[in-house]
Each structure stands twice: as C-alpha cells, then as structure tokens.
Amino acid sequence: MAVASGSGVRRVARVIVVSGPSGAGKGTLIANVRRRMPHLAVAVSATTRAIRDGEVDGREYHFLTPDEFARRVEAGEFVEHVEYAGNRYGTLRSELERILGGGDSVVLEIELRGAREVRSAMPGCLTVFVKPPSLDELERRLRARATESDAAISARLETSRIEMAAIDEFDAVVNNADVDVATDALYRIIDDATRG
Ligand code: 5GP
C-alpha cells in the first residue's frame, strides 16, 4: 500500500528487499540498521555455497547440499531461488511466514533476479538497491574480503555490471560510499516504510 507523504509517495511495507552487487555492503548496512531496530528480522536464506570462516549454519545461511536444495525446490519450499556464481540461493517460505506471522517486518538480502521474483510475488514490498561507489571500488572490496577465488570474484564482478544496470527498477537507492551515511539512509528508508 502506498500513502502520500511530504516527499511524494511513501510505501508502507513489511517486506523489505535489499539488493545490489556482491561486495556493495548490503550485509554490513543491514547489521548496522538492526542494532537500532531490534524488531527487524532478516530471513535466513538457504544456499549450496561453502561456509566461510566465521559463518554459522542457520545464522548467515542454512547451508545445504545440492541434493537437499533440489529436494526443497521440488517440495515448493522456496519463494524464489536462483543460481548465482555457481551456487544456488533461495528464500525459504517458512522463514517469511514465521517472521511475518510473529508480527515483525522482514528484510530479504538477495540478488537482482530474486528481488524481481519477490517484487512480482509480493507487489507491496519495498525494494532498496545498495550501490557501491564504483565498480573499481567493488572489485577492491571483494579482493580485500578474500573469501572467493579469482575466478569467483570475476564471476561476481560480471554479474555486478548487470545488477548495476537495473538500479532504476528499485524504490530507493542507498549509495554506500561512507558506511555511516549509508547506514543512516537505509535506517530512514526502513523505519519510514515499517512504521506504517
Ligand atoms: P554470498 O555468497 O556473498 O553470501 O551471496 C551472493 C549473493 O547472493 C549476494 O548478492 C546475496 O545477496 C545473494 N543472496 C543471498 N541469499 C539469497 C537468496 O535467498 N536469494 C537470492 N536470489 N539471492 C540471495
């Protein structure tokens, strides 16, 4: 539902889709915003990619084998699912139902094709694009993070070019040049949408 506000049309939404290239800083910004909004939940996706150092199964992702992921696709357990840089990722219907059923708003941190799927399945959602200052800076961040091989980084950068071209499809854009400024911007967008 959209309601009028001083700055044009304001969307009231309980499902917030945060998208944008890998390495743009979606996860960091969402974690920062959640410190200020304890009731904001993030849906834990499922993935077949390898667990990284510091990640915990069931916290960052439900880490599934390819067979288990495929079984859950067959069983209709995903709202959307994609293959991304050689691995599968998907939003679990059970996560959304649990969080929304409990009365909280939910953030989905997902890539572009998933964001499009969610937008057509739930037209009332709010979509936010987190933009890195530039593709050069994005490459620098992905290499500094050092969680992927060179080939995987190249695949992510190639996908990022496609994702950047879709920026106009989103309801709001957060430019992540400065993490504090970007956190404030994302906070205001989500607070505004979920205050209803
Ligand atoms: P990473 O491997 O860096 O954790 O995630 C790779 C990309 O997949 C990121 O852009 C992330 O936002 C996206 N992603 C994570 N979970 C999901 C999901 O459930 N669905 C979709 N479509 N993308 C996801």
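Read the numbers this way: they start at 1 and go in the same order the structure lists the ligands and their atoms.
At a heavy-atom distance under 4.0 Å, no atom of Arg113 approaches ligand 1. The part of Val82 lying near ligand 1 is the side chain, judged by heavy-atom distances below 4.0 Å. At a 4.0 Å heavy-atom cut-off, ligand 1 does not touch His81 at all. When heavy-atom distances to ligand 1 are checked against a 4.0 Å cut-off, Arg52 comes that close only through its side chain, counted from C-beta outward. Of all the heavy atoms of Arg156, the ones lying under 4.0 Å from any atom of ligand 1 belong exclusively to the side chain.
Taking atom 14 (N) of ligand 1 as the reference point, the nearest protein heavy-atom neighbour is Glu109 O, 3.7 Å. In terms of protein heavy atoms, atom 9 (C) of ligand 1 is closest to Lys26 NZ, 3.8 Å. Shortest contact from atom 20 (N) of ligand 1 to any protein heavy atom: Glu80 OE2, 2.7 Å. Among protein heavy atoms, the minimum distance from atom 19 (O) of ligand 1 is reached at Ser45 OG, 2.6 Å. The protein heavy atom nearest to atom 23 (N) of ligand 1 is Glu111 N, 3.1 Å.
Between Glu148 and ligand 1, not a single N/O pair is under 3.5 Å apart. The shortest N/O to N/O separation between Thr91 and ligand 1 falls below 3.5 Å.
Without hydrogens or angle criteria, Glu163 side chain to Ala166 main chain gives no donor-acceptor distance under 3.5 Å. Remark: the backbone N or O of Arg88 is paired with a side-chain donor or acceptor of Thr48 at under 3.5 angstrom. Lys26 places no side-chain N or O within donor-acceptor distance of the main-chain N or O of Phe129, the cut-off being under 3.5 Å. Checking side-chain atoms of Asn176 against main-chain N and O of Pro132 turns up no donor-acceptor pair under 3.5 Å.
Heavy-atom proximity to Arg49, at under 4.0 Å, picks out these atoms of ligand 1: 1 (P), 2 (O), 4 (O). Residue Gly114 approaches ligand 1 through these ligand atoms, each under 4.0 Å from one of its heavy atoms: 22 (N). Near Tyr84, meaning under 4.0 Å from one of its heavy atoms, ligand 1 places the atoms 6 (C), 7 (C).
Ion pairing between a basic and an acidic side chain is recognised when a charged N comes within 4.0 Å of a carboxylate O; Asp150 and Arg143 show such pairing. Between Asp192 and Arg188, no side-chain nitrogen of the basic residue sits less than 4.0 Å from a carboxylate oxygen of the acidic one, so the salt-bridge criterion is not met. Salt bridge annotation for Arg140-Glu137: present, with a cationic side-chain nitrogen under 4.0 angstrom from a carboxylate oxygen. A salt bridge links Glu148 to Arg52: at least one charged side-chain nitrogen sits closer than 4.0 Å to a carboxylate oxygen.
The shortest separation from a heavy atom of Tyr61 to ligand 1 is under 4.0 Å, placing the residue in contact.
Ring geometry for Phe78 against His81 counts as tilted: the plane angle lies between 30° and 60°, on a 0 to 90° scale.
Counting only N and O atoms by type, the side chains of Arg156 and Ser22 include a donor and acceptor under 3.5 Å apart.
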